[in-house]
Amino acid sequence: MNKAFIREPEDDGRAYCPRCKTLGRPVDYGTLDTHIRPESRGKMQDSAWFCAFPRCDVAYFNLFGGVVLMDELKAPVY
């Protein structure tokens with residue numbers, strides 16, 4: 001099928017974890033500053049999404065491909 005006739009999905013504000021595809025929960029800079037180690041904090045801007053799937057190694061992610069893994073946190077979050 002010609003791509004000119006395929007409708008792009010509309011942005012509804014939701015984001016899915018790039019590893020496990022779980023729906024992320026939006027968080028702001030306060031949460032990120034609290035939980036992410038200073039050396040990894042630069043990977044996220046002022047907002048991101050939290051992956052709540054317990055077996056996923058991603059803690060936070062953004063729409064630009066940035067991820068913060070569980071071992072980059074100050075303490076466990078589960």
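- Checked by atom type and distance alone, the side chain of K43 never pairs as donor or acceptor with a backbone atom of N62 at under 3.5 Å.
- Smallest separation of non-hydrogen atoms from K74 and I36: CE-O, 3.3 Å.
- The CZ atom of R14 lies 6.0 Å from the CG atom of L23; values are rounded to the nearest 0.5 Å.
- Under the 4.5 Å side-chain heavy-atom criterion for ILVMFWY residues, a single connected hydrophobic cluster contains both V67 and L63.
- By the 30° and 60° cut-offs, the orientation of the rings of W49 relative to F61 is parallel.
- Residues passing the salt bridge (charged side-chain N to carboxylate O under 4.0 Å, His left out) test with R25, sequence neighbours excluded: none.
- The distance from atom CE of M70 to atom NE2 of H35, rounded to the nearest 0.5 Å, is 10.5 Å.
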Worked check of side chain to side chain contact (heavy atoms under 4.5 Å, CB included) between V68 and V58: CA-CA 6 Å; V68 173; V58 171; over 6 Å; no

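- Here the OG1-CG distance, from T34 to L73, works out to 11.5 Å after rounding to the nearest 0.5 Å.
- Cluster membership for V77 and M44, using ILVMFWY side-chain heavy atoms within less than 4.5 angstrom, is shared.
- Closest approach of R37 to D71, counting heavy atoms only: NH1-O, 3.0 Å.
- The heavy-atom pair separating R41 from Q45 by the smallest distance is NH1-O, 3.0 Å.
- Within the model, atoms SG of C17 and CZ of F50 stand 10.5 Å from one another, a figure rounded to the nearest 0.5 Å.
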